[in-house]
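Whatever order the structure lists them in is the order used to number ligands and atoms, beginning at 1.
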Amino acid sequence: MKWEQVFASRASRMKASEIRELLKLLDQPDILSFAGGIPDPALFPTAEFQTAIADILSGPRAEVALQYSVSEGYGPLRDWIAGQMGRIGVPCDAGNILITSGSQQALDYLGKLFLSPRDTALVGWPTYLGALGAFNAYEPEYDRLDPRTNRSADDYAEAAAVKGGRVKFAYMSVDFANPTGETMDASARQSVLQLAEDLDIAIIEDAAYQSLRYDGEAVPPILALEIAQKGSIEAARTLYCGSFSKTLAPGLRVGWICGAREVISKLVLMKQAADLHSSTLNQMAIADVAGRIFDDHVARIRSAYRARRDAMLGALAAHMPQGVEWTRPEGGMFIWITLPAGMDGAALLARSLQGQRVAFVPGAAFFADGSGRNTIRLSFSRTDEAVIAEGISRLGVLVREAVGAVG
Ligand SMILES: Cc1ncc(COP(=O)(O)O)c(C=O)c1O
């Protein structure tokens with residue numbers, strides 16, 4: 001069978017991600033990997049989940065946990081999330097929350113809701129690879145969102161019209177972004193909001209890492225800034241995507257979208273059609289565990305990841321040659337390295353796997369236009385300080401050799 005003939009045109013843009021391919025390498029025991037940006041399983045609150053799930057399944061809640069349920073999500077969890085949103089400047093209630101199967105599903109749904117083929121999505125250069133993967137299925141064009149340039153709304157609108165559609169939303173990972181580790185300051189958030197007002201488009205605020213701040217001052221979410229201006233979440237154009245993956249456990253696949261009821265109710269219909277609802281048992285377990293230990297647990301993982309970030313920054317300062325630059329994230333899981341112009345992250349990885357046996361992600365994968373070849377992403381979340389010291393020392397040898405070869 002010639003499958004290509006029967007695949008929809010959208011399937012042509014579904015390609016294997018470089019990161020997923022790389023994750024296979026984690027199985028090789030001698031590789032020191034800074035590639036996958038995933039939590040350290042040693043930090044999962046496993047005992048708490050054991051207790052919660054045993055408790056749910058051994059009492060009257062078992063029926064609810066195992067039965068079909070509503071598409072909006074488990075009520076007590078939506079209430080808890082609405083309370084948390086209130087704490088970060090987003091007054092709302094359960095009607096403003098849709099539970100999704102991870103925030104990845106939120107990105108898919110929002111792509112499906114907004115993008116017709118040839119519409120334009122504004123994304124960072126670089127941006128979260130999984131967002132590009134989710135949006136690609138809806139056959140969009142991309143344009144570069146950069147709050148530091150003063151490109152006018154008209155300029156964006158014209159560029160989108162030339163490509164045969166209109167601008168529909170601006171997407172960004174706001175705190176300790178994947179892949180750069182950088183946080184948008186309040187004035188950059190205000191300028192994105194202003195641009196979105198001028199273009200009359202939605203904002204997708206990806207806050208997957210928001211709870212993982214190690215130092216510095218918290219910046220209010222774009223949704224909070226917008227509500228402060230407009231008085232109510234119902235008037236907001238920002239859709240906030242949250243996740244329990246980085247704080248409690250990614251395997252349970254529980255995330256959420258917070259926004260105006262008008263959009264949430266449309267998304268509920270979409271969820272009904274797509275998968276009816278996310279696993280109720282998982283939502284109940286998350287609600288129980290979050291209700292009991294969320295703040296304490298997040299404080300614990302923050303201190304573990306902070307030490308790893310510091311170890312990686314210290315090792316980079318000790319081992320990287322002149323001409324190599326890197327970000328200094330205030331949280332999250334990533335440090336973004338810019339190598340001297342002319343160097344190639346993918347070639348460096350290929351050489352590393354033959355010699356130094358250190359894994360990282362070549363940065364070009366995160367650019368919608370395939371640029372950024374001289375960048376790489378390092379994650380410090382899964383390795384302890386000793387492995388970080390050894391791995392970055394090996395990476396230093398590799399980069400010094402490569403810089404020497406280029407120079
Ligand atoms: C920026 C960002 N958004 C969303 C996700 C998706 O996470 P999940 O679906 O587990 O919530 C990730 C995962 O790595 C991410 O880095």
(message) Using the rule given for side-chain hydrogen bond (donor to acceptor under 3.5 Å, both in side chains), can you reason through S211 versus T247, listing the C-alpha separation, both sets of side-chain angles and the distance that settles it, and then say yes or no?
(response) CA-CA 7 Å; S211 301; T247 49; 5.6 Å; no
(request) Pick one of side chain, backbone, both or neither for how P250 approaches ligand 1, counting any non-hydrogen atom pair under 4.0 Å. (result) neither
(request) Note the single closest protein heavy atom to atom 4 (C) of ligand 1, along with its residue, its atom name and the distance in Å. (result) S103 OG, 3.3 Å
(request) With heavy atoms only and a cut-off of under 4.0 Å, state how F244 meets ligand 1: side chain, backbone, both or neither. (result) neither
(request) Run down the list I38, N178, V174, D206 and name the one with the heavy atom closest to atom 2 (C) of ligand 1. (result) D206
(request) Taking only heavy atoms of S243 into account, list the atoms of ligand 1 that are under 4.0 Å away from them. (result) 8 (P), 11 (O)
(request) Considering only NZ, NE, NH1 and NH2 on the basic side and carboxylate oxygens on the acidic side, decide whether D146 and R151 come within less than 4.0 Å. (result) no
(message) Assess whether a salt bridge exists between R302 and D295, defined as any Lys/Arg side-chain N lying under 4.0 Å from an Asp/Glu carboxylate O.
(response) no
(request) Give the atoms of ligand 1, by number and element, whose distance to some non-hydrogen atom of S245 is under 4.0 Å. (result) 8 (P), 10 (O), 11 (O)
(request) Specify the closest pair of heavy atoms between L145 and Y156, including all atoms of both residues, with the distance to one decimal. (result) CA-OH, 3.9 Å
(request) Using a strict cut-off of less than 4.0 Å between a Lys/Arg side-chain nitrogen and an Asp/Glu carboxylate oxygen, indicate whether D369 and R144 qualify as a salt bridge. (result) no
(request) Specify the protein heavy atom at minimum distance from atom 5 (C) of ligand 1: its residue, its atom name, and the distance to 0.1 Å. (result) Y128 OH, 3.4 Å
(request) Going by heavy-atom distance to atom 9 (O) of ligand 1, choose the closest among M333, R253, M172. (result) R253
(message) Using a 3.5 Å cut-off on N or O atoms only, is Q104 in polar contact with ligand 1?
(response) yes
(request) Could you tell me which atoms of ligand 1, counted from 1 in the order shown, lie closer than 4.0 angstrom to a heavy atom of K246? (result) 12 (C), 13 (C), 14 (O)
(message) Can you confirm whether or not the ring centre of F135 sits under 6.0 Å from the ring centre of Y171?
(response) yes
(request) State plainly whether the residues R328 and D215 are in salt-bridge range, i.e. N to O under 4.0 Å. (result) no
